[in-house]
Amino acid sequence: MKPETTHWNRQDFPEAARKELAAKPSQDAPFAHSQTRRNVRNATEIIQAKRNAVVAELPEWQDLRAAGAAIRAHTLEHLDHYLLEFEANCTRHGGHVHWAADAAEARKLVLEILAPHAPREILKIKTMTSEEIGLNACLEEHGMHPLETDLAELIIQMGRDRPSHFVVPALHKSRGQIRDLFAREMHRPELSDEPEALAAAARDYLRQKFLSTRVAISGANFLLADTGGVCIVESEGNGRMCLTLPDVLITIVGIEKVLPSFQDLEVFLQTLPRSATGERMNPYNSIWSGTPGNDGPREFHVILLDNGRSPILADDESRQTLRCIRCAACLNTCPVYHQTGGHAYDSVYAGPIGAILTPQLHSMQAAQSLPYASSLCGACYEVCPVAINIPEVLIHLRGKIVEQQQSTVAGSLSLWNIAMKSAAFLMQDGSRLHAAVHLAQAAQRPLVSRNGFIEWLPGMLNGWTKTRDLPALPAESFRDWWRRTRSANSSLQPSAEQPSEPRHD
Amino acid sequence: MLFATEIKRSTQPETPTGSLVRISLFIPCYNDALFPESGKAVVRVLERLGHAVEFRDAQTCCGQMHWNTGYLRETLPILRHFLRVFADAETIVAPSSSCVAMMRDHYRKAAQMDRDPALEREVEALLPRIFEFSEFLVRRLGVEDVGARFTHKVAYHPSCHSARSLHLDTIPLRLLHRVRGLDLVPLANAQECCGFGGTFAIKNADVSSAMLADKVRCVLNSGAEVLTAVDTSCLMHIFGSLHRQRTFVRTAHLAEILACSDDDAGQNSTLAPEQHDASSFGRMVR
Amino acid sequence: MTDDSRARILNRIAAALGRDSSAASSAAAASYAQIARDYRSANANSDRSIRDLFVERLHEYDAACTRVATPADLPAAIAATLAARRLATPAVASGVPREWLPEGCDFPAADSLSVHELDRVPGILTGCTVAIAETGSIVLQSGSGQGLRRHTLIPDFHLCVVLESQLVASVPLAFPRLVPDLPTTFISGPSATADIEMTRIRGVHGPRTLHVLLVAD
Ligand code: SF4
């Protein structure tokens, strides 16, 4: 089983990031930013500031975070139990529960469910699982038109773009860019670029579709085992339209999204909105079980999607990845994401969570550059409402990648491997390190400029000196200074200090 | 509570004692070779406070670079060497928050990899004895005024590990506030990573450079003459760009600022204005 | 296929967790009970009137709110609100008490309206199950006095009566008052989006105006 569509193409992060950074800081324009980067920066800064303010309002935030982590961790440890409980309760309320081991199975299930209804158009609510299984392309191939109803997803769909953020998928677009797109696609040349006007245009465009389309497809934020319930959190009301007006509703959801109890929402309906959009509560949360009488669709299907998730449970260290509630707070705070935006990750799941989730969904056989797409600054862990220690998981996955590389001849002969192995050898003995430092002090001479700095380095270290100087090694290391100025037995007494000798430059 | 303790476990409790302490220095490998002045400054500050300082010649590295790059197995011999060198050290002080964070956040897991209970016990015994320099001054010694004078405009960069892993909070700022003559200026977006991240700066050089450009812009806008932090690694990174751009802003480890005192009138200080040409940080180009 | 996949997924999960899946259920209940719920004891707003907080939060999220002194004043308050907004008679959710409604108006029953008719009524009047001060939310559950979910979705104006006895301080306090199986909607302000340059815009697809009548009872 290979979850084939999580990746759009196979581009390594550094390469993809280089392209996103097209307007790279240079000697002449050290702070140049492209329009896209400005949009990303601006949007993430706004959400982050709002998030920080509403989180600070809750003195119990760390308790909520701990409870959220504990509930999610507990659920994962008993995932089969809770999925079965969900299935029984959802079925009891008239829903149909399906299981899809991978993306192909999920797509096939959707087509089978749709077949008797033969819809020409299908309403869609923003769903990452649909993106993950490449559903839109599949529906188009079968002559059906999926109509994205979330404002941002509509922008993406009309612009034949890719989402760059899984809460605010079009945050890389400015209002001017959106206006041009809507004016063209909705045939409304008079449209202004006021956000209100653009939202009103979307309302007009979709209203009749909502009232007349018979089939909708959604994702879900949570499944509730004890009631067989589904919870969807949204802002615009497009979700409610899709959940309540059509005759048939299909919800595609990752198997990890289940919670033990309806009551557990008291935690996540506090932490998710505050983390995701910086609101105390988002405008609408819908919760329902199966087909509740005359209030909602007559036919309701849940597709439980595995697609590479279950093997992640086996690893005690990285299982926490599946606690994620997709709030995207880790993206908004990530300094790497701020620079590159989401597209550089080349995955449905961008940012820090994407960097750990994507390669794991591929059993570590793809996206190996993503766990290195982080400076390990820890900002993601700090904001994560379910306390996923993303830096720790990143390092763990790097360990797996290194092991993979070392198991091949080419990998073990790679420059990185040799350099790291040699460094490890030096670090096991003070005198070895001491000798190496002396050697380096001598060897650096040809590289040191007149100003005492190294401005160019060869090979893999060249990335450093493209934008940064490196100080040359001083003639005397700390160790040598200590040996020279203190008695040989590393005295515990302060000794009179000699002025240091002049440096070689 | 399980997750609550996990969230906070990197913090040393505040237990100031006035008594004199025997301090064993850990001078991280790159500080030893590249930034000896920061180590010397630590010695000067601690000795000025009357404490006895030793340096164990056999020491090397905490293993952070290997661990963070994914060379987990290769970290173990380095860790074992560290434990051997400092086995009987009473108190270990390191002028590097990222090395201390490496130990607190990862040594337990590293030790578990070898399934050697003795190693795990040694790690448990080590962790309460190791301190980051500023944390040691404030949380362990209870000292905020170390008698320093430094008459420059200074901005403080809260490096990621010091802020998010060691939770140093206001500790370095409290120390800086007590430095005579020092003009502490605010730094915008201070909490954002400078883009160093060890081998990240090489493996993702373009992204790292872009992050650095943002940081450097904030540093220049702050109007500071000197940027300080408790990690020379981040400072090396930031200064690399400041220097490339031919700016006049210097970088200095917090200890180097605290080492400047009235008594020595800048004599011993690498950062004293008349001497900064000789400092590894201070050389100006123009 | 799905039965196959069902077994396959369940087996994979059990194998990944290193145990036999059938053994799980009693262990799950025991460990679930261990989860610390310290957040429940938090009482951040104890020093404030939750009524004032609720009103403040409604305003912050662009909802209107009018305080009503007693339930007997409701008909006049409803009439005044409609008049001030120059709105004709809205539809009313079935089960809304007769005594709330002003005399002499003929309120169409929401239950009798098709979705297209709902699209043309000037508004909808409902009650709620519980309201949450801290987040400025009203919670509606399908059924008596609260209508079906589409009733509070398609019309452009939602007039919601909240009795003070229905108001709680925080999210955890709201849950015990809810019937878990019923279709439930948390509504916090009018529909909104921030998808365009993070500017909060009121009213996309749901009602563009939410007006709460908060009644002392
Ligand atoms: S990893 Fe944490 S912060 Fe990131 S999206 Fe998931 S829940 Fe949110």
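To find a chain, count down the sequence lines: A is the first, B the second, and so on, and within it residues start at 1.
In this structure, chain A has heavy atoms under 4.5 Å from both the backbone and the side chain of C:I154. The contact between A:R274 and chain C is made entirely by side chain atoms (from C-beta outward), counting heavy-atom distances below 4.5 Å. In this structure, the portion of C:P190 lying under 4.5 Å from any heavy atom of chain A is its backbone and not its side chain. For A:N282, the part lying under 4.5 angstrom from a heavy atom of chain C is the backbone only. For chain A, the nearby part of C:E60 is the side chain; its heavy atoms alone come within less than 4.5 Å. Proximity to chain A (any heavy atom under 4.5 Å) is restricted, for C:T199, to the side chain, taken from C-beta onward. Heavy atoms of A:E279 lying under 4.5 Å from chain C belong to its backbone as well as its side chain. With a 4.5 angstrom heavy-atom cutoff, C:S137 touches chain A only via side-chain atoms. Heavy atoms of A:E196 lying under 4.5 Å from chain C belong to its backbone as well as its side chain. Heavy atoms closer than 4.5 Å to chain C are found in the side chain of A:L245, but not in its backbone. In this structure, chain C has a heavy atom under 4.5 Å from the backbone of A:T149, while its side chain stays farther away. Of the two parts of A:N39, neither the backbone nor the side chain holds a non-hydrogen atom closer than 4.5 Å to a non-hydrogen atom of chain C.
Contact annotation: the side chain of A:I255 approaches that of C:I13 to within less than 4.5 Å [non-hydrogen atoms, C-beta and beyond]. Looking only at side-chain heavy atoms (C-beta outward), A:L84 and C:L10 come within less than 4.5 Å of each other. By the 4.5 Å heavy-atom criterion applied to side chains, C:D38 and A:E60 are not counted as neighbours.
Between chain C and the residues A:E85, A:R240, A:M281, A:R309, the most heavy-atom pairs under 4.5 angstrom are made by A:R240. Interface check for chain C: of the options A:L211, A:I46, A:V267, A:T244, the most heavy-atom pairs under 4.5 Å are formed by A:L211. Between chain C and the options A:A152, A:P273, A:S289, heavy-atom pairs under 4.5 Å are most frequent for A:A152. For the set A:L265, A:D150, A:L83, the entry with the most heavy-atom pairs within less than 4.5 Å of chain C is A:L265.
Side chains of A:S310 and C:R12: a donor-acceptor N/O pair is present below 3.5 angstrom, by distance only. Side-chain atoms of A:E266 and C:Y39 form a donor-acceptor pair, as typed in the model, at a separation below 3.5 Å.
The stretch residues 113-124 of chain C places C:V115, C:H116, C:D119 near chain A, each with some heavy atom under 4.5 Å from a heavy atom of that chain.
In terms of the ring pair (Phe, Tyr, Trp, His ring centres under 6.0 Å) criterion, residue partners of C:Y32 (sequence neighbours excluded) are, by chain and number, A:H74.
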